[in-house]
Amino acid sequence: MSKVVSTKEQGLFIGGQWKRTDEYTSVWNKYTQKQIAKTADATQQDVNLAVEEAKQASKRSFPAYQRFEVLTKAADLLRKNQEEIASLLVAEVGKPIKESRGEVARAAQTLEISGEEAKRIHGEGVPIEAAPGSQNRQAFTKRIPVGVVAAITPFNVPLNLVCHKVGPAIAAGNSVVLKPASATPLSAIRLTEILFEAGLPDGRLNLLTGSGSKIGAWLCENPDVNMFTFTGSPGVGQRLRERAGLRKVALELGNNSATVIHHDANIEEAAKLTAQKSFNNAGQVCISVQRVYVQEKIFDRFLEKMKEAAEELVVGDPAQETTDIGPMISETEAARIENWVQEAVKEGAEVVSGGERNGVIYKPTILTNVNDEMKVCREEAFGPIVAVAPYKTEEEVIDRVNDSEYGLQAGIFTNSLDFAMTAADKIEVGGLIINDTPGYRVDHMPYGGVKKSGSGKEGPKYAIEEMTEERLVVFNL
Ligand SMILES: NC(=O)c1ccc[n+]([C@@H]2O[C@H](COP(=O)([O-])OP(=O)(O)OC[C@H]3O[C@@H](n4cnc5c(N)ncnc54)[C@H](O)[C@@H]3O)[C@@H](O)[C@H]2O)c1
Ligand SMILES: O=C[C@H](O)CS(=O)(=O)O
């Protein structure tokens, strides 16, 4: 059966073959609200077939150098098809074209780095002979692929975050059963085609589309899944961990990222970067700036500069080259954000900029006169809103940043080495970014949070460690 799917009804990809189903779900252009494709709805039988194909493939030889060749060729194919794939992201996410091109470029880097790391997987010698009575023994460790990795991914960065799971899993010698977000599955489907065009052996990647709750449950029920790697909301992640039992689970979850603007910061630069990273992808980014704490001496000047920067952003059609901010993933989500802002205003917050919705578009919104108990400060907004508040002392602001159930990344703009190093010791996050926002990420860095932001690290080198087991081998000579 051809691996090239119809342009309108996309099937499942199992054991190297595209498979049609009885039921399909529509995928919509998030700006025009027009149907752009239909994707297959997997059944439990499909899930079990995909896991079996993955399990059998994981037993077949696929040496590290071949894994390197496949992943680096796939990276090249992503770059070669960048415009086509970026257009897919514009349609299925509503992500502005210039940002979508950036995601394709980063996805290629993620696969390329994964390929390079495939050649660096190693154990270590163990000086077992140093133990009394073991002078005649030798020992070392080996890194062994876990086998079948179930990967479940979110809607907002649907290509690169799939690459952050599929790339390391393949690099480590595993097989993958991938379930992309139901709202944005098309880029994952295209990536699947590209990986097999690059020579990935049948069964090494199996793509299931359909209901997350159903497929998630069926994957948890299947004992041949050796590991789960999930990126998404904390509630779903926690439920998955509960159902996975004793199997490995890597969780990349939510955040309500804080940024601190200290009195010695470069105000213009901080305001521009903070505005950009508060509103890119319509704020639908796990490390989107949501809380901004500004030292009271510079509060008014910073707020004025941030308002200016926010109001320079072009809001509208994501297919236009000039657009900076496109629609949210759905009108329901845009209405939710509208309600959050209205609730904050009723509690005393002031709208400095934005505060307006037009269907799926919610304008970049800056709130002040907020308190730390408001929903816009306490929970994850995952939308184009940011709360800005003054602070007096370094001790106070560190406590306020830490007063959160989340801990993915935080940012501090300061030229004080002392403050920066104190924060590095005291701020409870997986990543602290000095003189930039928490929205900073490059794809080879260790990335992952604490508290309700999850557990485990991504970035190919680190994900590979989690997707392998370290086995000790001892020789009694
Ligand atoms: N930490 C990170 O790296 C990171 C990156 C991107 C997004 N996120 C988080 O993801 C969330 C937004 O993405 P979303 O709305 O797609 O998240 P979501 O949790 O609604 O869905 C994520 C994935 O899980 C699937 N799913 C839904 N219910 C499930 C269930 N019961 N069992 C198994 N799978 C299920 C969905 O179909 C989707 O594929 C935000 O909380 C955001 O912070 C985190
Ligand atoms: O949404 C969260 C993503 O992990 C941020 S990034 O696109 O990987 O930088």
Side-chain angles (χ1 to χ4, degrees), residues 25 39 41-42 47 89 93 95 99-100 102-107 109-110 150-165 178-185 188 207-221 225 228-244 249-257 277 280-290 328-330 332-333 336 379-383 405-409 429-431 433 437-445 447-459 463:
T25 296
T39 53
D41 290 340
V47 170
L89 294 171
V93 186
K95 190 172 290 188
E99 197 172 340
S100 294
E103 181 174 349
V104 179
R106 283 189 54 187
Q109 285 183 54
T110 302
I152 302 174
T153 53
F155 77 81
N156 66 321
V157 186
L159 181 66
N160 192 29
L161 295 184
V162 167
C163 289
H164 266 289
K165 297 182 183 305
L178 170 64
K179 209 305 281 183
S182 307
T184 58
L207 176 73
L208 298 170
T209 48
S211 160
S213 55
K214 289 179 181 174
I215 294 172
W218 294 330
L219 286 168
C220 288
E221 289 167 18
V225 173
F228 294 87
T229 174
F230 173 81
T231 298
S233 57
V236 174
Q238 184 170 350
R239 181 88 178 98
L240 190 65
R241 175 183 289 287
E242 290 163 0
R243 302 175 77 162
V249 180
L251 297 175
E252 295 283 355
L253 306 179
N255 201 35
N256 60 354
S257 307
K277 291 298 185 175
N280 73 300
N281 204 19
Q284 298 167 125
V285 181
C286 57
I287 42 180
S288 185
V289 177
Q290 185 175 326
M328 293 189 68
I329 196 67
S330 68
T332 303
E333 283 301 291
R336 172 182 64 81
E379 299 182 27
E380 176 181 46
F382 219 62
E405 292 180 301
Y406 296 101
L408 185 47
Q409 297 200 155
V429 289
I433 316 297
T437 73
Y440 176 81
R441 181 184 184 183
V442 289
D443 294 293
H444 65 290
M445 78 187 211
Y447 182 80
V450 296
K451 300 196 271 188
K452 246 174 97 174
S453 291
S455 56
K457 293 291 182 187
E458 288 196 339

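Here, residue 1 is the first one in the sequence, and each next residue gets the next number. Atoms within each ligand, like the ligands themselves, are counted from 1 in listed order.
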Have a look at P234, A188, G232 and point out the one with the heavy atom closest to atom 9 (C) of ligand 1.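 Among P234, A188, G232, the closest heavy atom to atom 9 (C) of ligand 1 belongs to G232.
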
Side chain or backbone, does [X] bring an N or O within less than 3.5 Å of an N or O on ligand 1?
X: V236; answer: no
X: S233; answer: yes
X: T153; answer: yes
X: I152; answer: no

Worksheet item: Is it the case that more than 12 heavy atoms not belonging to K451 sit under 6.0 Å from its NZ atom?
Response: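 Yes.
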
Open item on the list: Just checking E379: does its CD atom have more than 12 heavy atoms from other residues, nucleotides or ligands closer to it than 6.0 angstrom?
Closed with: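 Result for CD/E379: enclosed.
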
Protein contact to [atom] [nearest heavy atom, distance to 0.1 Å]:
atom: atom 2 (C) of ligand 1; result: C286 SG, 3.4 Å
atom: atom 32 (N) of ligand 1; result: G212 O, 3.6 Å
atom: atom 14 (P) of ligand 1; result: F155 CD2, 3.7 Å
atom: atom 13 (O) of ligand 1; result: P154 CB, 3.4 Å
atom: atom 44 (C) of ligand 1; result: L253 O, 3.0 Å
atom: atom 41 (O) of ligand 1; result: E380 OE1, 2.7 Å
atom: atom 12 (C) of ligand 1; result: F382 CE2, 3.6 Å

Nearest-0.5 Å distance, [atom1] of residue [X] to [atom2] of residue [Y]:
X: S233; Y: L251; atom1: OG; atom2: CG; value: 10.5 Å
X: L159; Y: E103; atom1: CG; atom2: CD; value: 5.0 Å
X: E252; Y: H164; atom1: CD; atom2: NE2; value: 9.0 Å
X: F228; Y: K165; atom1: CZ; atom2: NZ; value: 12.5 Å
X: I287; Y: K277; atom1: CD1; atom2: NZ; value: 7.0 Å

So if I count the atoms of ligand 1 from 1 in the order they appear, which ones are less than 4.0 Å from some heavy atom of [X]?
X: S213; value: 28 (N), 29 (C), 30 (C), 31 (N)
X: P180; value: 39 (O)
X: Y447; value: 3 (O)
X: L161; value: 5 (C), 6 (C)
X: K179; value: 36 (C), 37 (O), 39 (O)

Is any side-chain heavy atom of P158 closer than 4.5 Å to one of T153?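 Not touching, per the 4.5 Å side-chain cut-off.
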
A107 and C163: which non-hydrogen atoms are nearest, and at how many Å?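 Shortest heavy-atom separation between A107 and C163 comes out as CB-SG, 3.8 Å.
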
Tell me the closest heavy-atom pair linking W218 and A42, and the distance in Å.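 The pair with the smallest heavy-atom distance is CZ3-O, 3.4 Å.
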
Could you tell me whether [X] approaches ligand 1 through its side chain, its backbone, both or neither, with non-hydrogen atoms closer than 4.0 Å?
X: T231; answer: both
X: Q284; answer: neither
X: S211; answer: neither
X: N156; answer: side chain
X: L408; answer: side chain

Problem - Sub-4.0 Å heavy-atom environment of ligand 2, residues by chain - result: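 For ligand 2, the contacting residues are R106, N156, V157, L161, V285, C286, I287, R441, Y447.
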
Protein heavy atoms near atom 21 (O) of ligand 1, is at least one of them under 4.0 angstrom away?
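Protein heavy atom within 4.0 Å of atom 21 (O) of ligand 1: absent.
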
Assess whether side chain to side chain contact (heavy atoms under 4.5 Å, CB included) is satisfied between L408 and Y447, documenting all intermediate values. CA-CA 8 Å; L408 185 47; Y447 182 80; 3.6 Å; yes

* To do: Let me know which of T209, L207, L208 forms a side-chain contact (heavy atoms from CB on, under 4.5 Å) with T39.
  =>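 Option passing the side-chain contact (heavy atoms from CB on, under 4.5 Å) with T39: T209.
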
Single hit among I152, L178, T231 for side-chain contact (heavy atoms from CB on, under 4.5 Å) with V162:
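Checked I152, L178, T231 against V162; only one passes side-chain contact (heavy atoms from CB on, under 4.5 Å): L178.
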
Can any side-chain N or O of [X] pair as donor or acceptor with the backbone N or O of [Y] at less than 3.5 Å?
X: S288; Y: Q284; result: no
X: K95; Y: S100; result: no
X: E333; Y: S330; result: no
X: Q409; Y: S257; result: no

Worksheet item: Are R239 and ligand 1 in contact, using a heavy-atom cut-off of under 4.0 Å?
Response: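 It does not; every heavy atom stays at 4.0 Å or beyond.
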
Ionic contact status for R239 with E242, cut-off 4.0 Å =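 Yes, charged N to carboxylate O under 4.0 Å.
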
